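In this text the structure is predicted, and so the values were computed from the model without any measurement. Keep in mind that the numbers below use all heavy atoms, side chains included, and drop hydrogens, waters and symmetry copies. Reminder, nothing fancy here: chain letters follow the sequence lines and each chain counts from 1.
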Amino acid sequence: AQKITQTQPGMFVQEKEAVTLDCTYDTSDPSYGLFWYKQPSSGEMIFLIYQGSYDQQNATEGRYSLNFQKARKSANLVISASQLGDSAMYFCAMSREFYNQGGKLIFGQGTELSVKP
Amino acid sequence: DVKVTQSSRYLVKRTGEKVFLECVQDMDHENMFWYRQDPGLGLRLIYFSYDVKMKEKGDIPEGYSVSREKKERFSLILESASTNQTSMYLCASGVTGKSPLHFGNGTRLTVT
């Protein structure tokens, strides 16, 4: 069965420092996608970054990068130069049955990040 | 920009009531999803649909049903609301496994 695990329920980081949010996954699918979403206190889900299982390079989007280690089945999110506005819940997610049922995601439990001034 | 609109931000219903949660997307996406979000559990898939009049059960379909009469609209129905269905409900639409889902702002449902 496919599974996503986020082992850090909550984390603190000092403003302007980098922070890594952990995500491990389990799947037997040969192809899959990994996503990170941000959910501020207002509740909307904001897409941050995507990594395909066959992508050779780690994905980057501005201050966000995804540290993809396929052999370890991990897809950690790295946020550089944290800002107060980064305080939010962060979810790791994986697409299931990549080609047959596109878009269906399973989510981890989430990590609540608090950025201290 | 893709817009996914959920009809209610907050909803309070009584036990036993029939509840309709409505979701509309404006980007002609084939795929639509209903998730439930609870603290410590993340988001769990209730139902999804890949076409009009088509529906498939997700991981926690018990107590719920769905309707998709038009491509842009996907409704979640609680036939007889119970207190354990108090939760945040998120609707999403998308295209493929390579593209992100686009979410509505959520409906926080309280069943008393």
Side-chain angles (χ1 to χ4, degrees), chain A residues 1-10 21 23-25 27 29-55 59 61 64 66 89-112, chain B residues 1-6 8-11 23 25 27-51 54-61 66 74 87-109:
Chain A
Q2 293 168 309
K3 191 177 180 182
I4 290 271
T5 302
Q6 293 179 254
T7 56
Q8 306 153 314
L21 306 184
C23 173
T24 57
Y25 62 91
T27 182
D29 288 349
S31 298
Y32 49 91
L34 294 155
F35 300 80
W36 277 92
Y37 283 84
K38 171 185 178 182
Q39 187 181 45
S41 56
S42 53
E44 75 262 38
M45 293 285 282
I46 301 167
F47 164 69
L48 296 178
I49 197 166
Y50 164 80
Q51 178 85 42
S53 58
Y54 284 105
D55 292 341
E61 290 285 349
Y64 304 107
L66 200 153
M89 183 72 83
Y90 289 80
F91 289 100
C92 180
M94 177 170 63
S95 56
R96 284 190 273 193
E97 298 177 42
F98 197 59
Y99 294 111
N100 294 332
Q101 294 187 317
K104 188 164 69 169
L105 298 182
I106 57 167
F107 285 82
Q109 305 91 322
T111 295
E112 184 156 14
Chain B
D1 261 2
V2 176
K3 192 161 184 183
V4 180
T5 304
Q6 294 184 231
S8 304
R9 191 84 171 97
Y10 299 95
L11 214 50
C23 175
Q25 52 98 0
M27 280 301 290
D28 203 35
H29 284 169
E30 299 287 340
N31 310 330
M32 296 189 75
F33 307 84
W34 275 105
Y35 285 89
R36 170 178 171 158
Q37 181 180 359
D38 299 289
L41 297 177
L43 281 72
R44 293 177 293 166
L45 183 62
I46 305 172
Y47 265 97
F48 60 99
S49 169
Y50 289 133
D51 203 351
M54 174 270 176
K55 61 185 177 185
E56 285 196 35
K57 293 179 180 179
D59 299 315
I60 51 165
V66 290
F74 192 35
S87 188
M88 170 74 96
Y89 290 88
L90 291 159
C91 175
S93 72
V95 181
T96 72
K98 294 184 180 182
S99 56
L101 293 185
H102 299 270
F103 284 86
N105 284 342
T107 296
R108 189 166 291 281
L109 173 68

_Option in B:N105, B:D38, B:L43 with maximal non-hydrogen atom pairs under 4.5 Å from chain A_ = B:L43

*Tell me, side chain or backbone of A:Q6 under 4.5 Å from chain B's heavy atoms, or both, or neither?*
neither

*asked:* Is B:R108 close to chain A through its backbone or its side chain, or both, or neither, when contacts mean heavy atoms under 4.5 Å?
replied: neither

_Within this structure, what is the CG-CE distance for the pair B:L101 and A:M45, rounded to the nearest 0.5 Å?_
9.0 Å

*Output, in order, the C-alpha distance, side-chain angles, deciding distance and verdict of side-chain contact (heavy atoms from CB on, under 4.5 Å) for A:F91 and B:Q37.*
CA-CA 11 Å; A:F91 289 100; B:Q37 181 180 359; 3.4 Å; yes

*asked:* A:E44 vs B:F103, test: side-chain contact (heavy atoms from CB on, under 4.5 Å). Steps then yes/no.
replied: CA-CA 7 Å; A:E44 75 262 38; B:F103 284 86; over 6 Å; no

*Is the side chain of A:Y37 donor-acceptor paired with the backbone N or O of B:P100 at a distance under 3.5 Å, no angle test?*
no

*Could you pull out the closest heavy-atom pair between A:K104 and B:F33, with the gap in Å?*
CA-CE2, 3.6 Å

